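The block underneath contains the structure these notes are about, expressed in structure tokens.
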Amino acid sequence: MTDVIPGKPVVARFCPSPTGNPHVGMARTALFSWAFARHHGGRFVFRIEDTDASRDSQESYDLLVDVMRWLGLDWDEGVEVGGDNGPYRQSERMDVYADVAQRLLEAGLAYKAYDSAEELEERRDAARAAGRPSGYDGLHRDLTPEQQAAYEAEGRKPVIRFKMPEKDWTFDDLVRGPITFGADNVQDFVIVRANGQPLYTLTNPTDDALMGITHVLRGEDILSSTPRQIALYEAFAQIGVGDGSTPRFGHLPYVTGAGNRKLSKRDPESNLLGYREQGFLPEGLLNYLALLGWSLDAERDVFSLAEMVEAFEIGRVNPNPARFDLDKCEAINGDHIRRLPVEDVAQRLVPYLATAGLVNEPASEEEEALVAAATPLVHERIAKLTEAVDMLRFLFIDEHDFSVDEADAAKNLDEKGRETARAARDALEAVETWDTESIEAALRASLVDGLGLKPRLAFGPVRVAVTGSRISPPLFESLELLGRSRTLARLSAAL
RNA sequence: GCCCCGUUGGUCUAGCGGUUAUGACGCCGCCCUCUCAAGGCGGAGAUCGCCGGUUCGAAUCCGGUACGGGGUACCA
């Protein structure tokens, strides 16, 4: 299968509708289209399909742009950045669609249909009952001007339907191979509503043609509308819309949630913004998403975007649906966090600490320095950045807001534990140089050697008293960063 | 109803006529260890949906069938 025509540059696109929150399935589609374009050294177009005013919103549009930038899926042409084939919001291209529809009509490739919703439904039910396909039956295909005038006189407003040539439709899907639809199963379809608004069925192929799109990668939910679009392309060739060629199509499998349902916008796991809020790295999320239907090779599933671009082949995309597994997503993200230089992690942590109210916005120099010093303690312990916030809270929190987890205190700061804490405080008070080595030496000498405690029993009470939790970053390093006075104060408070 | 797509351990995935069926997540055990992680080692878990066919030989090719998903809109 030749995916690319030699000498003809690849132009791929991503063209979501701005409805609701951006979700992960969408990001996966964007990622594959982007990777495909980049792999072939082609262009990537970002277009917005906002032709349905009742469902689209500016807020959703802003989110889409924001999230694409966050992910780092850059586009060469499209909304916000412009390009030769703009505008890139369909709501600003209505005149284009009106013109194309008109030319289709004049060329006899489309026609006005006056059927009412009730009439359509009735005939559809009848066709179904008779075991026939339930699409449009073509009743108004060849209306005479007189018949049309009669309908108009009744006050009916026509839709514009595209006239499907009666032939079988075969195309070579980039991920699924050859697919054929019989002539009887692809009927004339509406391209312009009775109120004059163009539909996706017209606007999407029109823009793809006008923008020179060579490869269309999209979800499998529109696989069955592909014959219509190919037919439209053939019509465009006749009336001179675009360069007369038809793009290749590739239909990506669904991303599903629990059960086998496709991940819906309501499902919290599908909300892209949620991943950013929880502290996923764009590179981690993207890596995981890439794994849903594609793999770099048999051995490795942690890789960079650059490695993906290098290796990405659309023909190796798996056609079957994939279940989104949050655990694995987090594991992959954790791998990416560990791959990052520690200074980088520190920098990315700051906004999350700010959101949690633990550092100022913008952070002061001292705060930045503390973050830089503390990050190595949590770097390899977290799968998401927000986990670091929880682990480091004890270090950044205002002293009067500090509190110890009750359950952990009950277990670790019983009478015996408080005794241990007291010994720890006394030992620590005597430490001359407040650094990790001295702190550890003092504590070991006092608690392990002195009191004869097993290490875990020796340090547990100290940990809980000082960090507020049974689980914390390495203790001695933590105490060093916390500083002598806060450490001693917290130990005293625990007694 | 009609049309299209899909089917490899719980999940994702490799495989493209001959393998002890790949790797990962998760799970279990051990090691390391101041907690939690990370890391290391090991383990359980797949008669490749099912039935036929082609072939010396099939997860791989063909035909059925079952199940799942999608479409069948004046949504995208």
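Residue numbering restarts at 1 for every chain, and letters A, B, ... go by the order of the sequence lines. What you are looking at is a predicted structure, and each value in this text was computed from that prediction instead of being measured.
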Would you kindly check whether a donor in the side chain of R381(A) faces an acceptor in the base of rC36(B), or vice versa, at under 3.5 angstrom?
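Result: at least one qualifying N/O pair found.
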Any donor-acceptor N/O pair under 3.5 Å between rC34(B) base and R463(A) side chain:
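Counting by modelled atom types and ignoring angles, a donor-acceptor contact under 3.5 Å is found here.
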Does [X] have a side-chain nitrogen or oxygen under 4.0 Å from the phosphate oxygens OP1 or OP2 of [N]?
{"X": "R218(A)", "N": "rA76(B)", "value": "no"}
{"X": "R444(A)", "N": "rC34(B)", "value": "yes"}
{"X": "R124(A)", "N": "rA73(B)", "value": "yes"}

S91(A) pairs by side-chain hydrogen bond (donor to acceptor under 3.5 Å, both in side chains) with which of D50(A), T203(A), D56(A), D52(A)?
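By the side-chain hydrogen bond (donor to acceptor under 3.5 Å, both in side chains) criterion, S91(A) pairs with just one of D50(A), T203(A), D56(A), D52(A): D50(A).
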Centroid-centroid under 6.0 Å between H140(A) and Y111(A) rings
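No, too far apart.
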Under 6.0 Å between the ring centres of F303(A) and W294(A)?
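Yes, ring centres under 6.0 Å apart.
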Nearest nucleotide by nearest heavy atom, which residue falls closer to the 5' end of RNA chain B, T51(A) or I179(A)?
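Looking at the nearest nucleotide for each, I179(A) comes out on the 5' side.
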Looking across every strand, which nucleic acid part, if any, lies under 4.0 Å from [X] by heavy atom: base, sugar-phosphate, or nothing?
{"X": "A331(A)", "answer": "sugar-phosphate"}
{"X": "P16(A)", "answer": "nothing"}
{"X": "S295(A)", "answer": "sugar-phosphate"}
{"X": "R161(A)", "answer": "sugar-phosphate"}
{"X": "I332(A)", "answer": "nothing"}

